[in-house]
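Along the sequence shown, residues carry numbers from 1. Atoms within a ligand are numbered from 1 in the order they appear, just like the ligands themselves.
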Amino acid sequence: MKVGFIQFRPLFGDKNGNLQRAIAFLEKADAELMVLPELFDTGYIFQSRKEALELSSPINESTSVTELKKICQDMNMAVVAGVAERDHDKVYNSAITILPDGSVTTYRKLHLFYKEKCWFEPGNIPIQIVEYREARIGMMICFDWIFPEMARSLALTGANLICHPSNLVLPHCQNAMITRCLENRVFAITCNRIGQEVRGQESFMFTGFSRIISPDGAVLCEGGRVKEEVGIVDINVRAAENKRITIFNDLFEDRRTEHYNL
Ligand code: ACM
């Protein structure tokens, strides 16, 4: 299955411009599944709840989602993207998986980073697996990486491919994702953004280095630190379903849950 990432630089607040750029990349992508960054159409540094409310949309009223659905249908492709999701007077930092049949599955970020806690509500819906061809897609967003429970929960729920839209600012995630893949024997696509965003007193330099990683920890494809880049690889996603490490060891069956204080 050909899967990939679109590492690009959204401009804050330019929803239509960011959408058009993402579409231009998607139209050229020869792949069955592509991942876009976290908050791909709004940008990252909100300055008030009001601003987050104004820039967010309910999933079923979002122009970005409608346009991405058209691309998925026309190109027979699935897309995973990070969006600001409005639900009445609340805003969630969400990821959606859109399939070629137009179905949309939403994940609301569970672990909010820094001032995201001021603008977004923490996720409040159960994690879901999206079945798509041979893939069983699990979504997580950016800072979720630092909680190993997240990737583990997705793997235990049946994910063989973790799609991970990101706006990374701390070091280490890209390397930590090797461990997340090894310890769960799953594939992962971390799609990070690049560039600097400055708003008021806040400034973030996003770290690029988007990666596609295999269940044995191999980096199959990697973007650079500063350039917009598309990465696509062909993976046998079913390989992630073999949790055997030796003839005596199975990654999931060997867990000693009665001894873990979680
Ligand atoms: C982050 O979770 N966007 C750092």
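- Looking at R193 against ligand 1, nothing comes within 4.0 Å, counting heavy atoms.
- Ligand 1 places these atoms under 4.0 Å from at least one heavy atom of E116: 1 (C), 2 (O), 3 (N).
- Side-chain contact of T106 with E85: a donor-acceptor pair under 3.5 Å is absent, judged by distance alone.
- Partner of Y44 under the ring-ring contact (aromatic ring centres under 6.0 Å, His included) criterion, out of W119, F12, F206, F120: F206 alone.
- The ligand atoms of ligand 1 that sit less than 4.0 angstrom from a heavy atom of Y44 are 1 (C), 3 (N).
- The closest approach between any non-hydrogen atom of L168 and ligand 1 is not below 4.0 Å.
- Proximity of a side-chain donor or acceptor of E229 to a complementary backbone N or O of G224 within less than 3.5 Å is detected.
- When hydrogens are left out, the protein atom nearest atom 2 (O) of ligand 1 is K109 NZ, 2.7 Å; that is the closest non-hydrogen contact.
- When hydrogens are left out, the protein atom nearest atom 1 (C) of ligand 1 is C142 SG, 2.9 Å; that is the closest non-hydrogen contact.
- For the atom pair CD of Q174 and CZ of R225, the computed distance is 11.5 Å after rounding to the nearest 0.5 Å.
- Contacts between Y114 and ligand 1 below 4.0 angstrom, taking non-hydrogen atoms only, are absent altogether.
- Under the 4.5 Å side-chain criterion, counting only non-hydrogen atoms from C-beta, Y107 is in contact with D144.
- In F143, the parts holding a heavy atom less than 4.0 Å from any atom of ligand 1 are both the side chain and the backbone.
- The aromatic rings of F40 and F8 are tilted relative to each other, their planes meeting at an angle between 30° and 60°.
- Between the side chains of N160 and R238, no donor-acceptor pair is found at a separation under 3.5 Å.
- Remark: minimum distance from atom 3 (N) of ligand 1 to any protein heavy atom is reached at E38 OE1, 2.9 Å.
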